[in-house]
Protein chains: 2
Amino acid sequence: MATEDSKLTVRAVERALDLLLCFTDDSDLSLTELSGRVGLHKSTVHRLLASLEGKGFVRRDPASERYRLGYRMWELSANLSQDDEPAVILLPEMERLRDLLGETVSLYVRDGLERIRVQAVQSSQAIRRVAPVGARLPLHVGASGKVLVAFGAAELRQELLASEVWSDAGQREAFERQLEETKRAGYATSLEERETGAAAVAAPIFNRAHRMVAALAVSGPINRLSADKMGEDAAFIMEAAKRMGKMLKP
Amino acid sequence: MATEDSKLTVRAVERALDLLLCFTDDSDLSLTELSGRVGLHKSTVHRLLASLEGKGFVRRDPASERYRLGYRMWELSANLSQDDEPAVILLPEMERLRDLLGETVSLYVRDGLERIRVQAVQSSQAIRRVAPVGARLPLHVGASGKVLVAFGAAELRQELLASEVWSDAGQREAFERQLEETKRAGYATSLEERETGAAAVAAPIFNRAHRMVAALAVSGPINRLSADKMGEDAAFIMEAAKRMGKMLKP
DNA sequence: AACAAGGTTTCACTCTTTGAAACGAGAGGC
DNA sequence: GCCTCTCGTTTCAAAGAGTGAAACCTTGTT
């Protein structure tokens, strides 16, 4: 890939943010590790880290001298969940749906060519789908991925289909067919697409301006969520999604 | 103040982080607002925001076109609470203390010349101290501030006393006396120092290497937490703090 | 239609960032 | 005790990257 839009962004900033993103995989890292991770010279990384540390985005563990995310991140993350965030507003409704169906309920929003699980309530059953909030997942596998693409902007669909995520043309064409099916049915399903033994049903949530803002997903083990069962549950999920859409701000 | 260590940090990165910090006050901001806030030219801010947006740290509300924190922040904040974080490990003990005393319990760590409330469990009483997690507060007022300074590094104490936070020398000297009293007693109290009608008792939490890692505070309305009552509660709080210290990782 | 108020892009100047290399500071090993 | 290896920090010259004024575009308003 070429330099693309070399003028429109600031390289040093992007590099610093790449450093921050290293901490999604590991909680603490040394300078040399970070340097290797992002492929930059030690001195460059050191300078960038000093800037991050100065603003409190990164700190050094007093004992190990290793770098970790700083407390400014705690401060910022506390302000993430504003009252107008779907992840906050829809939580009670998600709990109701969880209690109704007995399975784990998740809420996804799209971010670029990926999706983020911004909220989740776990099933209380012994065998259940565990869904950590904050997880970033691909858009081209899973029920909510299909929903987010099928009911999203046409440009997104083009961009995803033209991207490099497909193992072969067959996979891409199968996905395209599933998109059509999703638009027709109003919901999507997935059987062991991303995790073996796991199944999911997902439906779009539209705000009052008829724009899709999130995907609501119910997921669990395949022996409880058979194809038939998912078809039945879909009605409840779509109804809940409709109700949720009316609760949103804009 | 002069340019200080002009060579050791990266200006563009610091500016970008300043932009991110603007979102602790407001959930969404326009380019012009941000530009005014940080005192930089629109085009500069635009370029920095493009970099932040490209990495997902900032996004634009599709409806209002205004900037907000992006979903990468959700992802990162989900990874903040590692299993070795005091804020996570100590939560059950904090709940026990809350049930024992019936008042709001908070956990603070120092960050620079400030402190962050990294965890809190609210009292269940109708009149109670509300303590949002993530809040950044000054070090020179409040019971936990005194604890964090009194039992912290000597350099920190020097730095704080030499800083510009004091309204007059009398205030600073009173604070120094309270530090001595705190070290002697093993805990600190505050009566309406930061918020009128609020009182607090705080004790240090030391890890097994005898380094102070956090301050444990119990706070409530001044009519329930009289000076006498605080003295009695202090024993429970110090005992809880001691127990908590043994639960920490390093 | 003309205007105003954001937001976006261009462009020349130069200041800032960059990475190699030198320097320090510990931690083991011999 | 000395040497060596590794990791973090600072220095420095070269140039590439960031900066902000200004022009441009887009959208909504009078």
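Residue numbering restarts at 1 for every chain, and letters A, B, ... go by the order of the sequence lines.
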- Message: Going by side chain to side chain contact (heavy atoms under 4.5 Å, CB included), name the residues that satisfy it together with A:A162, two or more places apart in sequence or in a different chain.
- Response: none
Listed pairs, N/O of protein and of nucleotides 22-30 of chain D, under 3.5 Å:
none

- A:E65 CD to C:dG26 P: how many Å, rounded? 10 Å
- Item | Counterpart residues, side-chain hydrogen bond (donor to acceptor under 3.5 Å, both in side chains), relative to A:R184 (two or more places apart) | A:E181
- Can you name the ring pair (Phe, Tyr, Trp, His ring centres under 6.0 Å) partners of B:H46, sequence neighbours left out? none
- Item | Selection from C:dT8, C:dG19, D:dT19 that lies nearest to any side-chain heavy atom of A:R47 | C:dG19
- Between B:L40 (CG) and C:dT8 (P), how many Å, whole number? 17 Å
- Sequence-distant partners of A:Q178, side-chain hydrogen bond (donor to acceptor under 3.5 Å, both in side chains), two or more places apart: A:K146
- Whole-Å gap separating P (C:dG6) and CG (B:D61): 18 Å
- Query: B:A12 or A:R60: which one's nearest nucleotide on DNA chain D is closer to the 5' end?
  - Reply: A:R60
- Query: Can you check the B:L49 CG to C:dT9 C1' distance for me, whole Å?
  - Reply: 15 Å
- Item | Spacing of CE belonging to B:M212 relative to CG belonging to B:L148, to within rounding of 0.5 Å | 5.0 Å
- Message: Measure CG/A:L48 against P/C:dT16 and give the value in whole Å, please.
- Response: 16 Å
- Query: Using the C1' atoms of the five pairs at each end, what is the angle between the end axes of the helix from C:dA1-D:dT30 to C:dC30-D:dG1, to 10°?
  - Reply: 30°
- Query: How is A:R66 classified with respect to the nucleic acid when contacts are heavy atoms under 4.0 Å: base, sugar-phosphate, or nothing?
  - Reply: nothing
- Could A:R117 and A:Y108 be counted as a cation-pi pair, given that NZ or CZ must be under 6.0 Å from the ring centre and within 45° of the axis? no
- Mind checking side chain to side chain contact (heavy atoms under 4.5 Å, CB included) for B:V109 and listing every partner two or more places apart, or none if nothing turns up? A:Y71, B:I116, B:V118, B:A214
- What residues form a ring pair (Phe, Tyr, Trp, His ring centres under 6.0 Å) with A:F175, not counting sequence neighbours? A:W166
- Roughly, in whole Å, what's the span from CD in A:E14 to C1' in D:dG16? 16 Å
- B:E75 with B:R72: basic N within carboxylate O range, under 4.0 Å: yes
- Query: Partners of A:E93 by side chain to side chain contact (heavy atoms under 4.5 Å, CB included), sequence neighbours excluded?
  - Reply: A:R96, A:R243, A:M244, A:M247
- Message: Once side-chain hydrogen bond (donor to acceptor under 3.5 Å, both in side chains) is applied, do any residues pair with A:E176, and if so which ones, sequence neighbours excluded?
- Response: none
- Message: Below 4.0 angstrom, which residues in residues 17-29 of chain A have at least one non-hydrogen atom near DNA chain C?
- Response: none
- Task: Rounded to the nearest angstrom, tell me the gap between atom CG in A:L34 and atom C1' in C:dG19.
- Result: 17 Å
- Task: Measure from the side-chain heavy atoms of A:H46 and tell me the nearest of D:dT9, C:dT18, C:dT16.
- Result: D:dT9
- Query: So what does B:T44 touch, heavy atoms closer than 4.0 Å: a base, only the sugar-phosphate, or nothing?
  - Reply: base
- Item | Value in whole Å for how far the P atom of C:dT16 lies from CZ of A:R15 | 18 Å
- Task: Look at the side chain of B:Y67 and decide which nucleotide, out of C:dT17, C:dG6, C:dT8, has an atom nearest to it.
- Result: C:dT8
- Message: Side chain of A:L8 only, heavy atoms from C-beta on: which candidate in D:dT9, C:dT9, C:dT8 is closest?
- Response: C:dT9
- ring pair (Phe, Tyr, Trp, His ring centres under 6.0 Å) with B:F23: which residues, sequence neighbours excluded? none
